[in-house]
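Read through the structure below, which is laid out as structure tokens, and then see the notes.
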Amino acid sequence: MEYNFREIEQKWHQRWVAQQTYKVTEDPNRPKFYVLNMFPYPSGAGLHVGHPLGYIASDIYARYKRLQGFNVLNPMGYDAYGLPAEQYAIQTGQHPAVTTEANIARYREQLDKIGFSFDWSREVRTCEPSYYHWTQWAFQKMFDSFFCNKTQKAMPISVLIEHFSKEGTGDWDVACTEEISFTAEEWNSWDAKKQSDVLMNYRLAFMGETMVNWCPALGTVLANDEVVNGVSERGGFPVEQKKMRQWCLRVSAYSQRLLDGLETIQWSESIKETQKNWIGRSEGAEVQIKVADKDVTFTIFTTRADTMFGVTFFVLAPESELVDMITTPDQREDVDAYIKYVKGRTERERMIDHTVTGVFSGAYGINPITGDKCPIYVAEYVLAGYGTGAIMAVPAHDSRDYAFAKHFDLPIIPLVEGADVSQESYDAKEGIVMNSPISPDKSVEYDGESLNLNGMTIKEAIAATKVFVKAHHLGRVKVNYRLRDAIFSRQRYWGEPFPVYYKDGIPQMIPEECLPLQLPDVDKFLPTETGEPPLGNATKWAWDEQNKKVVENSLIDNVTVFPIELYTMPGFAGSSAYYLRYMDPHNDEALVSEQAAAYWQNVDLYVGGSEHATGHLIYSRFWNKFLFDLGISKKEEPFQKLINQGMIQGWSSFVYRLRGTNKFVSFDLLEERYDDAKKKNLYSYKGTEADPVYADISMVNGNVLDVEKIRQWTAEFRDAEFILNDRGQYIVSQAIEKMSKSKYNVVNPDDICEYYGADTLRLYEMFLGPIEQSKPWDVAGIDGCFRFLKKFWNLYRPAQKGEEGLRLDLTDDEPTKAELKSLHKLIKKVTEDIEAFSYNTSIPAFMIATNELTQLKCQKRAILEPMVVLIAPFAPHIAEELWEGMGHETSVCDARWPMFEEKYLVEDTVKMMVAFNGKTRFSIDFPADADNASIEATVRSHELMPKYLEDKQIMKIIIVPKRMINIVCK
RNA sequence: GCCCAGAUGGUGGAAUUGGUAGACACGAGGGACUUAAAAUCCCUUGACCAGUGAUGGUCGUACGGGUUCGAUUCCCGUUCCGGGCACCA
């Protein structure tokens, strides 16, 4: 009987649905295992072959765990809020909900074809009110919380309010935007507005006036991770810095815990490293600097406290408020001009252009260690957002300070023995300190003590300086983090609305029992004419405080009816806690029930792309830690093990249009030259330059363009002239790029499923290479996988005529040793491979075992039955069909994973290679249990020995068990 | 610039973490079956040298050294590719 994958796959898809094979419930008697994929954004382009890569990998693992007896949760859902649906809505007027719904339907259809073991009864969509209810709820909880730095935990804001009313700020170390202090009397004297403003300094979800990444083209602010190289990640539009009042999340409060948590989870080193860089912890010291002849002091931050003796100037960030305070009248004009210049520069310009600029403020700062008066400059190379926005400059040991000093002709004092600073600074933290101080009178005494670092290593000197600074109250030891608070509001329509209304300008939370606050309808998705966000177009978007409901805007009186927040939440809001919701997706009372959270704990295996390293994977860790502090989440870390599947790249094809014409020239006819100015290749044909134009991958066969096909593709090509090469072909050029609709290189999985079946697709995607590696899609090898499945199918002799369906005719004979060896070798390899996620090497093992068993003509139940179970995670449809054919009434999913036994793998005899000084010469068979002495004796008396030994002397004989014998000779 | 991960045939990639390098697959070449095609099956396939031949020899895991009886694997240096961070003090 032929391997009819179409029939088989369709049959089992239907049966899985009918029998709810993959529905899972909490079962205290079985150990749990939680497998999760990063849920997709349902884009209009549908799934491409890259999407299923991770899903297949996790599905294999989920099925394997289930066969091992675990109760496996393997859910799927949709990250349904997002920019593309909204951009589409702006262009077409189509409501994003409609587009999203249609896209989801298409995704589901495509996913269903591949045979995943998802429990669809737990599906979530971030845009559903029943889901974003809990996104809004979590936001309110953050609003009602602050972070205690000492206990490193979130606490209710009411505790802090009580503390303020009794003791003011006191010395409680809590996470805040800006360090301020006030007394209880002051606090109690303030009105509600002022108190609200002050509390914003502490809340975990707060409204803050911050520099934001404003993207004018998208009309919204963006988070740091949504900006790449100064342009928006989506669309590539320019981004500028702007000061705006925005909702923010105090992610920075959790910096240390986010860092510490990395040590407890099994993630790839590279992604942990990326997160460490993003969090950017640096230990250093803050030192107070007094401005000479002025009653002003500022604080600098340094990680190189040991270099205080080499300070020759100070630098303030242009945005610093101090600039205005210290600038002397005669420098005022220059400073103002400089600040104006800096403001006119975009973030992007600042990033690319590192030329030295700056201006002298006219003021001097006093170095507390040396007593020296050093000039204070204002320069854009010092960033307002990091540390204190002020630095001490040590040109000898910092390359940026060095460049600045050279430009403004400032002194450079070397502090490390042997360091040559005539050409460049010596930045390394290695060496012995000197010139610290240059002479005893160059070190200021405090309480009879002065600092001397000469002769110390740099590390010792850093520590000694910190002790000195602390002991004499010149500053303090401080840890800084690069991690910024996340900007949490967007000026968009298609996102979660904030459950917030404004009363006298003070944000108020909509009562918890009134959640979810549903996204209103609007007739236009663009900002309003007055520049308000799209929600400003909603006509029913006001909060009736007394009746606790949303009412028409016309009723706003600011007495009982108030305006509701017009901002919406960003993309990462809905994706930050979805893994908790899957545990209990239909709960109306809570994000997740106590019982479900206690059972499922956290995600054991999370699979997704590494591009989320500094976005989603930071935000959701933060979000989970917050919910952990609340007792909702049961584990400090949400994702225990993380596998990053690589990208499947596409082959982009280009045709070349002669500039200013509608003629396209075959690539092999073009002349190439390299343009240094533009740093890229240029092509020309008979003197006319040719520009590459994307051609759809489906019009190309190998590298030959199907000219007739492309003519039918778009109007652009219909009447085009194609200049062919002398073989009459049009050759395209190709490049490996990320798969993208706009590059016309997308391969979608439907065609593969149609032609080869889902099992072949699954096998092939895994066979393509190591799961974590990026690799171009290439259908060349897919036939091999298809052929293997056919061979596997043919291992099982079908039933005789007249029997219904597939009845496999297996014998109950005792397997032979060779058969058992083939089987157990396979069990061992596949089990180890799945545990290590190296599926690509399991598939060859299957092929080898299948070939061996075919040769042995094995028809034994004891061998072939476990084989079906082994392949079930990889190719579930064929496995089910064969399993049923063997007379089983339950699904293969309920079978048990076979255990391998070492005894079947042990050989009676072992072939041992005999090598002379490492060079292999011949082999001898030994009984497997031969001891070293007898092996050595046999070798010494072997007939071939004289031939290879000649007149050499045996020095020693090294026996590597079961492998080789190396004879070391002179 | 700093940090991280890599480099193995024509191609994707294996190699028990120091023990026969190139599994398996693709591609290519040859053959069988067939009127023919498709499908299927079999053989060859890292390079070079010697031999009609079975076969034998030399080189070979980016490059240059080192440790070792033995190195794709460990150590030092170099080159190249990928990823992250980046006037972060």
Side-chain angles (χ1 to χ4, degrees), chain A residues 2 268-282 284-285 300-305 307 315 317 350-357 379-383 385-394 397-401 403-404 424 427-428 480-484 610-611 613-614 644 646 763-764 767-770 772-776 778-785 787-788 790-791 794 828-829 832 838 840-848 850-851 911-923 954-970:
Chain A
E2 215 176 289
S268 72
E269 284 308 314
S270 67
I271 210 143
K272 283 197 206 177
E273 196 64 32
T274 302
Q275 290 213 341
K276 279 181 199 165
N277 286 342
W278 189 259
I279 296 166
R281 180 191 156 100
S282 58
I300 57 98
F301 174 76
T302 180
T303 53
R304 291 295 300 274
T307 58
V315 188
R350 249 175 108 155
M351 238 154 71
I352 295 163
D353 174 25
H354 283 186
T355 49
V356 177
T357 65
E380 61 176 336
Y381 85 89
V382 173
L383 306 176
Y386 185 76
T388 57
I391 62 149
M392 62 178 211
V394 185
H397 302 292
D398 182 287
S399 54
R400 296 152 300 180
D401 298 346
F404 195 85
E424 54 179 2
D427 292 18
N480 261 323
Y481 298 91
R482 202 192 72 96
L483 185 66
R484 299 269 79 94
S610 55
E611 67 273 20
T614 55
N644 299 115
L763 230 43
Y764 183 59
F767 185 59
L768 214 49
E772 308 221 48
Q773 197 171 298
S774 287
K775 53 239 158 185
D778 178 9
V779 285
I782 202 163
D783 285 305
C785 289
R787 245 174 285 183
F788 156 68
K790 279 198 273 191
K791 280 187 202 168
N794 288 330
K828 185 175 186 202
K829 177 75 178 146
E832 286 170 358
S838 42
N840 58 320
T841 59
S842 296
I843 289 156
F846 273 114
M847 294 178 180
I848 294 165
T850 303
N851 284 340
K911 183 178 286 243
M912 296 199 41
M913 309 306 297
V914 180
F916 292 83
N917 286 343
K919 284 202 191 295
T920 310
R921 296 300 169 181
F922 58 94
S923 66
I954 297 178
M955 302 292 287
K956 61 175 170 178
I957 296 182
I958 294 159
I959 297 171
V960 181
K962 293 172 190 172
R963 300 255 166 231
M964 71 181 309
I965 303 153
N966 193 13
I967 298 164
V968 185
C969 42
K970 201 160 62 170

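In the text below, chain A, chain B and the rest are named by the order of the sequence lines, each starting its count at 1. Computed from a predicted structure; not experimentally measured.
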Residues at least two apart in sequence or cross-chain that pass side-chain hydrogen bond (donor to acceptor under 3.5 Å, both in side chains) with A/Ser842, listed by chain then number, are A/Asp833
Is there a side-chain contact between A/Ile957 and A/Val968 in this structure, where contact means two heavy atoms from C-beta onward sitting under 4.5 Å apart?
no
Using the rule side chain to side chain contact (heavy atoms under 4.5 Å, CB included), only one of A/Val960, A/Val914, A/Ile958 pairs with A/Ile965; which is it?
A/Val914
Taking the side chain of A/Phe767 as its heavy atoms from C-beta onward, which of B/C3, B/A25, B/A89 lies nearest to it?
B/A25
Give me the distance, rounded to whole Å, that separates B/U61 from B/U73 when you measure between the P atoms they each carry.
9 Å
Look at A/Arg787 and B/C26 and indicate whether a side-chain polar atom (N or O) is within less than 4.0 Å of OP1 or OP2.
yes
Run the side chain to side chain contact (heavy atoms under 4.5 Å, CB included) test against A/Asn840 and tell me which residues pass, sequence neighbours left out.
A/Pro770, A/Ser838
Assuming nearest nucleotide by heavy-atom distance, tell me which of A/Ile391 and A/Thr274 is located more 5' along RNA chain B.
A/Thr274
Answer with base, sugar-phosphate or nothing: what part of the nucleic acid does A/Phe788 contact at a heavy-atom distance below 4.0 Å?
nothing
pair A/Asp401-A/Ile391: side-chain heavy atoms closer than 4.5 Å:
yes
Please list, chain by chain and in numerical order, all residues satisfying side chain to side chain contact (heavy atoms under 4.5 Å, CB included) with A/Ala379, sequence neighbours excluded.
A/Val315, A/Tyr338, A/Tyr381, A/Phe404
Side-chain contact, heavy-atom cut-off 4.5 Å: A/Thr274 with A/Trp278?
no
How long is the line joining CG of A/Leu763 and P of B/C26, in whole Å?
13 Å
Contacts of A/Ala390 meeting side chain to side chain contact (heavy atoms under 4.5 Å, CB included) (sequence neighbours excluded), chain-then-number -> A/Phe298, A/Ile300, A/Leu316, A/Thr388
Describe the nucleic acid contact of A/Glu269 in one word from base, sugar-phosphate, nothing, applying a heavy-atom distance below 4.0 Å.
nothing
Integer angstrom distance from the C1' of B/C85 to that of B/A5:
15 Å
Who passes side-chain hydrogen bond (donor to acceptor under 3.5 Å, both in side chains) against A/Ser270, sequence neighbours left out?
A/Ser268
Whole Å only: how far is the CZ atom of A/Phe846 from the C1' atom of B/A25?
16 Å
Measure from the side chain of A/Tyr386, starting at C-beta and using heavy atoms only, and say which of B/C26, B/G19, B/A89 lies closest.
B/A89
With a non-hydrogen cut-off below 4.0 angstrom, is A/Met964 in contact with a base, only sugar-phosphate, or nothing?
base
Check every atom of B/G19, B/A89, B/G13 against the side chain of A/Leu383 and return the nucleotide holding the closest atom.
B/A89
Please state the P separation for the pair B/G53 and B/U45 - nearest whole angstrom.
14 Å
I'd like to compare against my own output: the B/S/- annotation of nucleotides 6-11 of chain B with a strict under-4.0 Å heavy-atom distance to protein.
------
Under 4.0 Å, counting only non-hydrogen atoms across every strand here, what does A/Ile958 touch: a base, just sugar-phosphate, or nothing?
base
Write down the distance between OH (A/Tyr764) and P (B/G13), rounded to a whole number of angstrom.
10 Å
Short side-chain N/O contact to B/A89 OP1/OP2 from A/Tyr381, under 4.0 Å:
no
Does B/U40 have OP1 or OP2 sitting under 4.0 Å from an N or O in the side chain of A/Lys790?
yes
side-chain hydrogen bond (donor to acceptor under 3.5 Å, both in side chains) partners for A/Arg304, two or more places apart:
A/Asp306
In whole angstrom, give me the gap between the P atoms of B/C43 and B/G84.
46 Å
Rounded to whole Å, the NZ-C1' distance (A/Lys791 to B/A39) equals 14 Å
By the 4.0 Å heavy-atom rule, please label A/Ile848 as base, sugar-phosphate, or nothing.
sugar-phosphate
Considering only heavy side-chain atoms of A/Arg963, the closest of B/U16, B/A25, B/C3 is B/U16
Gap in Å between the two C1' atoms, one belonging to B/G46 and one to B/G60, rounded:
8 Å
Would you measure the distance from the C1' atom in B/G9 across to the matching atom in B/G27 and give it in whole Å?
12 Å
Heavy-atom closest contact (A/Tyr481 atom, A/Arg281 atom, distance):
OH-NH1, 3.3 Å
Which is it for B/G9, anti or syn, if anything within 90° of zero counts as syn?
syn
NA contact type, A/Pro776, heavy-atom cut-off 4.0 Å: base, sugar-phosphate, or nothing?
nothing
Rounding to an integer number of angstrom, what distance separates B/U8 and B/C59 when you compare their P atoms?
22 Å
Heavy-atom nearest nucleotide on RNA chain B for A/Pro844 versus A/Val382: which residue maps closer to 5'?
A/Pro844
Rounded to whole Å, the CH2-C1' distance (A/Trp278 to B/C2) equals 17 Å
If you measure from the C1' atom in B/A71 to the same atom in B/C81, how many Å do you get, rounded?
24 Å
Whole angstrom value for the distance that separates C1' of B/U16 from NZ of A/Lys962:
12 Å
Paired stems touching RNA chain B, three or more consecutive Watson-Crick or G-U pairs with both distances under 3.5 Å?
B:1-4 with B:82-85, B:10-12 with B:24-26, B:27-32 with B:40-45, B:46-50 with B:55-59, B:62-66 with B:74-78
When rounded to whole Å, the CG to P distance for the pair A/Asp783 and B/G27 reads 6 Å
From CZ of A/Arg484 over to P of B/A86, roughly how many Å is that when rounded to an integer?
11 Å
Contact class for A/Ser842 vs. all strands (heavy atom < 4.0 Å): base, sugar-phosphate, or nothing?
nothing
Would you mind reporting whether A/Lys829 and A/Thr841 have side-chain heavy atoms less than 4.5 Å apart?
yes
For A/Gln275, which residues count as a side-chain hydrogen bond (donor to acceptor under 3.5 Å, both in side chains) partner, sequence neighbours excluded?
A/Arg621
Could you check which of B/A89, B/C85, B/U20 has an atom nearest any side-chain atom of A/Ser282?
B/A89
Can you tell me if the side-chain N/O atoms of A/Asn840 get under 4.0 Å from OP1 or OP2 in B/A14?
yes
